[in-house]
Protein chains: 2
Amino acid sequence: MSQDRIQLESSVGYLLKEASSSLRAAMEAVLRPLDMTVTHYSCLELLAQRPGLSNSDLARGAFVTRQSMNVLLHALERDGSVTRPAQAPAGRTLPVTLTPLGRRRLEQASAAVRSVEARMLRGMTPQEQSDAFRVLQGMVRSLRENDVPNGQG
Amino acid sequence: MSQDRIQLESSVGYLLKEASSSLRAAMEAVLRPLDMTVTHYSCLELLAQRPGLSNSDLARGAFVTRQSMNVLLHALERDGSVTRPAQAPAGRTLPVTLTPLGRRRLEQASAAVRSVEARMLRGMTPQEQSDAFRVLQGMVRSLRENDVPNGQG
DNA sequence: GACTGTATGTCAGAATTCTGACATGAGTCA
DNA sequence: TGACTCATGTCAGAATTCTGACATACAGTC
């Protein structure tokens, strides 16, 4: 029975979870002084790169449900970091855009997060970094093949 | 969905989050029919490999706070999957152990999770798998160096 | 022995995220 | 046109996890 047991410490899945957890903790640590969470930052970063993304787009990009992203967007609107039109220009999707304030907030957060990523990648050669990239992409692709994209509801 | 500036998508940190999120989603999908969550499964797996781990040990191993692990352990005790002595044999740590029922539940879950991990690793050569292992370990080590182990309180 | 630092288990409350459900808009096809 | 499918935004409630705080236990130091 326990012959085929997954050895957690030697499991790539476990290590993936550990690495992701460590990265998230490190990001939270540097974002906390800015009163930002990781999802918070991810949302702003996505918007800076692709202005006009919808709530659902942002949810997929930040790996949360669109309901969670919606409450975050409401907070960001109250905060003055983003804006959404009162009415949808087409269909039901409301394009979200950064305000100048949101852009300033993002600049601070981005600098902090860059330092974390740099720390994570230090000690890795460019070759190893591209290995990491390729390997992680392969994992995502394999896992996505039999799965619904972002099933909910 | 235009894609001019893709900085996030080319970030190893983002890809790490994506891979971890995909893995978690895939695990949740196969564990749901068994009425188990990922943390649930992680706890049982850890206990199978190291019987007698404490609540805090399990929390660290499952990457949650010891408060969260505590509520999970209470549920598992009610469920009859694990047991804890009423009094600590030494110090304050209460060693947790799997019951036969917990072991059976774990067997089912373990089989399901193995299939997910196999799917994730398919298409990767043994060389690539060991690359992934080494690279992820390096990331964890770099991130941990300036961080508290499991700071809380 | 007394003190300090660290780690544990636990309680209480808050914050975050999720599941379920509904109505709306767009695209497809007969 | 009408039926069907799919995606979106949103509301409501539940579940999960976290933060803050407290008392206890052990190891080390003075």
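The basis for the numbers below is simple: all heavy atoms, side chains too, and nothing from hydrogens, waters or symmetry mates. None of the values given here were measured: they were computed from a predicted structure. Residue numbers start from 1 in every chain, and the chains themselves are labelled A, B, ... in the order their sequence lines are given, proteins ahead of strands.
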(message) Heavy-atom nearest nucleotide on DNA chain C for G91(A) versus T39(A): which residue maps closer to 5'?
(response)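 Per heavy-atom nearest nucleotide, the more 5' residue is T39(A).
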
(message) Using a 4.0 Å heavy-atom cut-off, does S68(B) contact any base of the nucleic acid, only the sugar-phosphate backbone, or nothing at all?
(response)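 Base contact.
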
(request) Determine the contact category for L94(A): base if any of its heavy atoms lies under 4.0 Å from a base atom, sugar-phosphate if only primed atoms, P, OP1 or OP2 are that close, otherwise nothing. (result)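 Here L94(A) touches the backbone only, sparing every base.
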
Quick check for you: among [options], whose closest atom lies nearest to any side-chain atom of [X]?
X: V71(B); options: dT17(D), dG9(D), dC18(C); answer: dT17(D)
X: V64(B); options: dT24(C), dC18(D), dA21(C); answer: dC18(D)
X: R66(A); options: dA25(D), dT10(D), dA21(D); answer: dT10(D)
X: S56(A); options: dT10(C), dG9(D), dC18(C); answer: dG9(D)

(message) Under 4.0 Å between a side-chain nitrogen and a carboxylate oxygen: does that hold for R144(B) and E18(A)?
(response)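 Looking at E18(A) together with R144(B), the answer is yes, because their closest N to O distance falls below 4.0 Å.
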
With a 4.0 Å cutoff (strictly under), does any side-chain N or O of [X] reach OP1 or OP2 of [N]?
X: R24(A); N: dC18(D); answer: no
X: R60(A); N: dT8(D); answer: yes
X: T65(A); N: dC18(C); answer: yes
X: N70(A); N: dT10(D); answer: yes
X: R84(A); N: dT10(D); answer: yes
X: S54(B); N: dT8(C); answer: no

(message) What's the angle between the local helix axes at either end of the helix from dG1(C)-dC30(D) to dA30(C)-dT1(D), using five pairs per end and rounding to 10 degrees?
(response)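 End-to-end axis angle: 30°.
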
(request) Check the distance between dT10(C)'s P and N55(B)'s CG and give it to me in whole angstrom. (result)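 Whole-Å distance recorded here is 7 Å.
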
(request) Write out all pairs satisfying salt bridge (charged side-chain N to carboxylate O under 4.0 Å, His left out) with one or both partners inside residues 26-36 of chain A, taking only residues at least two apart or from two chains. (result)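 Non-adjacent pairs meeting salt bridge (charged side-chain N to carboxylate O under 4.0 Å, His left out): R24(A)-E28(A).
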
(message) Would you say that more than 12 heavy atoms from the other residues, nucleotides or ligands in this model lie under 6.0 Å from the CZ of R134(A), or not?
(response)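 For R134(A), atom CZ is crowded (more than 12 foreign heavy atoms under 6.0 Å).
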
(message) Please evaluate residues R84(A) and H74(A) with respect to the criterion side-chain contact (heavy atoms from CB on, under 4.5 Å), reporting the C-alpha separation (whole Å), side-chain torsions for both, the decisive distance (0.1 Å), and the verdict.
(response) CA-CA 10 Å; R84(A) 275 194 288 186; H74(A) 278 300; 3.9 Å; yes

